[in-house]
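Worksheet: one structure, shown below.
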Protein chains: 2
Amino acid sequence: MRNTKQKKLVYDIIYSTYDHLDARSIYNQAKLEIPSISLATVYRILNELCDLGKVLRIATDNEDNFDRIDTKHAHFICSKCNKIIDIFDYTLKYKMPDNIVYNYDLVFHGICNDCKRNEVK
Amino acid sequence: MRNTKQKKLVYDIIYSTYDHLDARSIYNQAKLEIPSISLATVYRILNELCDLGKVLRIATDNEDNFDRIDTKHAHFICSKCNKIIDIFDYTLKYKMPDNIVYNYDLVFHGICNDCKRNEVK
DNA sequence: TCCTTAATAGTAATGATTACTAATAACAGT
DNA sequence: ACTGTTATTAGTAATCATTACTATTAAGGA
């Protein structure tokens with residue numbers, strides 16, 4: 001495993017924000033720094049970072065989003081505008097005697113505050 | 001909204017099992033009953049049933065899976081064999097003052113019992 | 001500096017899902 | 001039951017995120 005400037009850049013872009021970026025956005029940002037970077041390279045690096053547990057993948061109905069590893073938290077996805085909001089205020093307890101659990105994804109679905117307001121208007 | 005035999009069939013296939021079927025499997029089963037049914041029709045009906053809250057969509061890394069609406073439960077997806085296992089033994093509490101929550105998806109990731117055993121061999 | 005080979009850039013391919021359109025069939029009104 | 005309207009379907013083309021492929025480049029150890 002070699003450390004390339006492409007890997008460092010993709011990692012830095014994800015960790016430069018608390019937003020949840022998709023591969024295309026990361027690619028567009030990366031091109032500003034390394035114009036020759038390839039979209040396929042971004043995808044390959046994203047897979048590698050996820051496998052190494054350095055980046056979190058959020059699977060949605062359309063495209064995947066990528067997030068920094070942070071305090072463990074859940075996500076709220078608005079069914080109207082598809083915005084993703086971090087959720088910290090929850091507790092989860094579980095028992096799983098048979099299977100080994102490495103991680104979990106908790107995603108709430110509904111209508112966000114902004115869309116709720118716009119509906120009333 | 002009209003009730004067609006295609007809609008009834010797709011619904012019945014999903015409710016005939018506790019398995020989590022993908023669109024292609026549902027299509028293949030449906031063809032046994034209605035050979036002329038179209039894959040696009042299956043997708044359209046699946047979207048409709050999900051929107052109506054009659055069927056549950058489980059988004060995974062590759063293709064979506066569909067499940068009957070049942071006692072609310074979580075899922076465990078094995079990272080090795082991609083098997084999906086229903087999980088009932090958990091408790092979740094949350095506060096969401098700003099957003100309206102309609103539903104949540106809870107997915108555990110890890111290694112299932114079968115794959116764990118096979119690794120040891 | 002040199003060599004090995006992992007990683008990249010660029011592009012073609014894949015595969016799930018959706019869009020489109022002419023033909024069909026629910027079903028409300030008669 | 002018959003008819004007309006129009007939602008739905010079958011079949012296929014298109015879309016779009018992601019992956020595969022390959023010649024070229026560049027980490028990084030010796």
Side-chain angles (χ1 to χ4, degrees), chain A residues 1-14 19-52 54-67 77 79-80 82-84 105 107 109, chain B residues 1-14 19-52 54-67 77 79 82 84 105 107 109:
Chain A
M1 220 264 287
R2 291 176 182 174
N3 291 320
T4 64
K5 58 184 178 184
Q6 287 88 345
K7 287 183 191 172
K8 181 170 180 357
L9 178 56
V10 168
Y11 183 88
D12 286 348
I13 287 170
I14 293 171
D19 289 349
H20 312 85
L21 305 169
D22 60 13
R24 178 72 55 172
S25 313
I26 293 168
Y27 171 62
N28 288 336
Q29 278 196 54
K31 271 198 298 191
L32 301 176
E33 190 80 13
I34 305 179
S36 67
I37 198 169
S38 163
L39 180 57
T41 298
V42 171
Y43 271 104
R44 193 168 7 77
I45 291 173
L46 287 172
N47 285 339
E48 183 180 320
L49 291 174
C50 288
D51 289 346
L52 292 172
K54 293 186 176 178
V55 161
L56 178 68
R57 182 193 304 270
I58 309 169
T60 71
D61 280 355
N62 27 344
E63 90 274 295
D64 288 355
N65 286 268
F66 300 89
D67 192 8
I77 301 182
S79 305
K80 284 237 168 191
N82 291 316
K83 184 168 44 190
I84 302 179
D105 292 333
V107 180
H109 297 278
Chain B
M1 220 264 285
R2 292 173 182 176
N3 291 320
T4 63
K5 58 183 177 184
Q6 289 87 347
K7 286 182 192 174
K8 181 171 178 357
L9 178 56
V10 168
Y11 183 88
D12 287 347
I13 287 171
I14 293 170
D19 289 349
H20 311 86
L21 305 169
D22 60 14
R24 178 73 55 171
S25 312
I26 294 168
Y27 170 63
N28 287 335
Q29 278 196 54
K31 270 198 298 190
L32 301 176
E33 189 81 11
I34 305 177
S36 68
I37 198 169
S38 163
L39 180 57
T41 298
V42 172
Y43 271 105
R44 191 167 9 76
I45 292 174
L46 287 173
N47 285 339
E48 184 181 319
L49 291 174
C50 288
D51 289 347
L52 292 172
K54 294 185 176 179
V55 162
L56 179 67
R57 182 194 304 270
I58 309 170
T60 70
D61 281 354
N62 28 343
E63 89 275 295
D64 287 355
N65 285 268
F66 300 90
D67 192 7
I77 301 182
S79 304
N82 292 314
I84 302 179
D105 292 332
V107 180
H109 298 277

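The structure displayed is predicted, hence computed values, not measured ones. Throughout, protein chains are lettered first and strands after them, A, B, ... in sequence-line order, and every chain is numbered starting at 1.
- The side chain of A/Thr41 contributes an N or O atom lying less than 4.0 Å from OP1 or OP2 of C/dA9.
- Residues A/His20 and A/Asn65 come closest through the heavy atom pair O-OD1, 3.1 Å.
- Shown here is A/Lys83, whose NZ atom has more than 12 heavy atoms of other residues, nucleotides or ligands within 6.0 Å.
- Between A/Ile45 atom CD1 and D/dT18 atom P the separation is 15 Å, expressed in whole Å.
- The structure places CG of A/Leu21 at 7.0 Å from CD1 of A/Ile14, a figure rounded to the nearest 0.5 Å.
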Next item on the list: List the steps and the verdict of side-chain contact (heavy atoms from CB on, under 4.5 Å) for B/Ile77 and B/Thr60.
Entry: CA-CA 9 Å; B/Ile77 301 182; B/Thr60 70; 3.7 Å; yes

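- Between A/Asn28 atom CG and D/dA17 atom P there is a gap of 12 Å when expressed in whole angstrom units.
- Partners of B/Asp19 by salt bridge (charged side-chain N to carboxylate O under 4.0 Å, His left out), not counting sequence neighbours: none found.
- In this structure, B/Asp22 atom CG and C/dG15 atom P are separated by 14 Å, rounded to whole Å.
- Not one side-chain nitrogen or oxygen of B/Asn47 sits closer than 4.0 Å to the OP1 or OP2 atom of C/dT17.
- Counting to the nearest Å, the P atom of D/dA17 and the CG atom of A/Asn82 are 13 Å from each other.
- For the pair B/Lys8 NZ and C/dA26 P, the interatomic distance rounds to 14 Å; values are reported in whole Å.
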Between N or O atoms, less than 3.5 Å apart, protein on one side and nucleotides 20-23 of chain D on the other: list the pairs.
none

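- Comparing B/Gln6 and B/Leu39, the nucleotide of DNA chain D nearest to each residue sits closer to the 5' end for B/Gln6.
- Heavy atoms of A/Asp64 sit under 4.0 angstrom from primed sugar atoms or phosphate atoms, though from no base atom.
- For C/dT18, neither phosphate oxygen OP1 nor OP2 lies less than 4.0 angstrom from any side-chain nitrogen or oxygen of B/Tyr43.
- Nearest-nucleotide positions on DNA chain C place B/Glu63 closer to the 5' end than the other of B/Glu63 and B/Lys5.
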Would you give me the side-chain donor-acceptor pairs under 3.5 Å for residues 23-36 of chain B, sequence neighbours excluded?
{"residue": "B/Ser25", "atom": "OG", "partner": "B/Asp22", "partner atom": "OD1", "Å": "2.4"}
{"residue": "B/Asn28", "atom": "ND2", "partner": "B/Arg24", "partner atom": "O", "Å": "3.4"}

When you compare the protein's N or O atoms with those of nucleotides 27-30 of chain C, which come within less than 3.5 Å of each other, and at what distance?
{"residue": "C/dC27", "atom": "OP1", "partner": "B/Asn3", "partner atom": "N", "Å": "2.8"}

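- Distances were taken from every side-chain heavy atom of B/Ile37 (C-beta onward) to each of C/dA16, D/dT18, D/dA10; the shortest belongs to D/dA10.
- Within the helix from C/dT1-D/dA30 to C/dT30-D/dA1, the inter-axis angle between the opening and closing five-pair segments is 50°, rounded to 10°.
- Nucleotide D/dG11 holds its P atom 12 Å from the CD1 atom of B/Ile34, rounded to whole Å.
- To the nearest angstrom, P of C/dT17 lies 17 Å from CD of B/Glu48.
- Taken to the nearest 0.5 Å, the CG atom of A/Asn82 stands 11.5 Å off from the NZ atom of A/Lys80.
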Show me the side-chain donor-acceptor pairs of residues 39-52 of chain B shorter than 3.5 Å, one per line, residues at least two apart or across chains.
{"residue": "B/Thr41", "atom": "OG1", "partner": "B/Arg44", "partner atom": "NH2", "Å": "3.2"}
{"residue": "B/Asn47", "atom": "OD1", "partner": "B/Arg57", "partner atom": "NH2", "Å": "2.7"}
{"residue": "B/Glu48", "atom": "OE2", "partner": "B/Lys7", "partner atom": "NZ", "Å": "3.2"}

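- Distance check: B/Ile58 CD1 to B/Ile84 CD1 gives 4.5 Å after rounding to the nearest 0.5 Å.
- Between the P atom of D/dA17 and the OH atom of A/Tyr27 lies a distance of 13 Å, rounded to the nearest Å.
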